[in-house]
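Just so you know, residue 1 is the first one in the sequence shown, and it goes up from there.
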Amino acid sequence: MVLFSMVATALVALLHVYIMYIEMFLWDKPQGMRAFGLKPDFAKATKVMAANQGLYNGFLAAGLLWGLWLGAEGFQVTVFFLLCVIVAGVYGAISANKKILFVQGVPGLIALIAVLLAA
């Protein structure tokens, strides 16, 4: 179960690195607009906001990777950042798009359950 929890946490971290990359660098490009269902004018107008949002996703990834790097001593760090991911997923689903719950929140919840079971 420890290995599964580490892999699940790492996958959530990688997902957030990917989201960060899209939001910071591809937001107004075809791949970014397609990923988030954006129109070109909206993407251009919100590019700076999206880059800021991407930075926060990068912080989530960094926190999860930090927790993994700490090993067993990183339990609390990992739990904290997985809870942040889940809250972000729930809030995103309520405020922006229900799909965010499944893309961000559910993987975070699965990883959190695995981490708690592995403890």
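Val12 and Phe102 fall within the same hydrophobic cluster, defined by Ile, Leu, Val, Met, Phe, Trp and Tyr side-chain heavy atoms under 4.5 Å apart, directly or through other members. Clustering ILVMFWY residues whenever any of their side-chain heavy atoms sit less than 4.5 angstrom apart, transitively, puts Met49 in a cluster other than the one holding Ile19. In this structure, Phe80 is a member of the same hydrophobic cluster as Leu109, with clusters built from ILVMFWY side-chain heavy atoms closer than 4.5 Å. Residues Val106 and Phe81 share a hydrophobic cluster, clusters being chains of Ile/Leu/Val/Met/Phe/Trp/Tyr side chains in contact below 4.5 Å. Cluster annotation: Val85 is connected to Phe4 through the hydrophobic network of ILVMFWY side chains, with a link wherever side-chain heavy atoms come within less than 4.5 Å.
In this structure, CE on Met1 lies 5.0 Å from CG on Leu117, to the nearest 0.5 angstrom. For the atom pair CE (Met20) and CG (Leu26), the distance works out to 11.0 Å, reported to the nearest 0.5 Å. Remark: Ile110 CD1 to Leu82 CG distance equals 11.5 Å, nearest 0.5 Å. Atom CD in Gln104 sits 13.0 Å away from atom OH in Tyr91 (nearest 0.5 Å). Once rounded to the nearest 0.5 Å, the distance linking OG1 of Thr46 with NZ of Lys39 reads 13.0 Å. How far CD1 of Ile22 is from CE of Met33: 12.5 Å, rounded to the nearest 0.5 Å.
The aromatic rings of Phe59 and Tyr56 stand perpendicular to each other, their planes meeting at an angle above 60°, with 30° marking the opposite boundary. Between Trp27 and Phe36, the two ring planes are tilted [angle within 30° to 60°].
The side-chain hydrogen bond (donor to acceptor under 3.5 Å, both in side chains) check on Glu23 picks up Gln53, Asn57, with sequence neighbours excluded. In terms of the salt bridge (charged side-chain N to carboxylate O under 4.0 Å, His left out) criterion, Lys99 has no residue partners (sequence neighbours excluded).
Here the shortest heavy-atom pairing between Asp28 and Lys44 reads CB-N, 4.4 Å. Nearest heavy-atom pair, Phe75 versus Ala119, reported as atom, atom and distance to 0.1 Å: CE1-CB, 3.6 Å. Among all heavy-atom pairs drawn from Val79 and Leu112, the shortest one is CG1-CD1, 4.0 Å. Nearest heavy-atom pair across Leu60 and His16 is CD1-CD2, 3.8 Å. The minimum heavy-atom distance between Ile100 and Ala88, with the atom names listed, is CG2-O, 4.4 Å.
For residues 1-14, no residue pair satisfies the side-chain hydrogen bond (donor to acceptor under 3.5 Å, both in side chains) rule, not counting sequence neighbours.
Considering only heavy atoms from C-beta on, Val48 stays 4.5 Å or farther from Asn52 through its side chain. The shortest distance between side-chain heavy atoms of Val103 and Asn97 does not fall below 4.5 Å. Between Ile94 and Val90, some side-chain heavy-atom pair lies under the 4.5 Å cut-off.
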Starting from the C-alpha separation in whole Å, work towards a yes-or-no answer on side-chain contact (heavy atoms from CB on, under 4.5 Å) for Leu15 and Leu11.
CA-CA 6 Å; Leu15 172 65; Leu11 289 174; over 6 Å; no
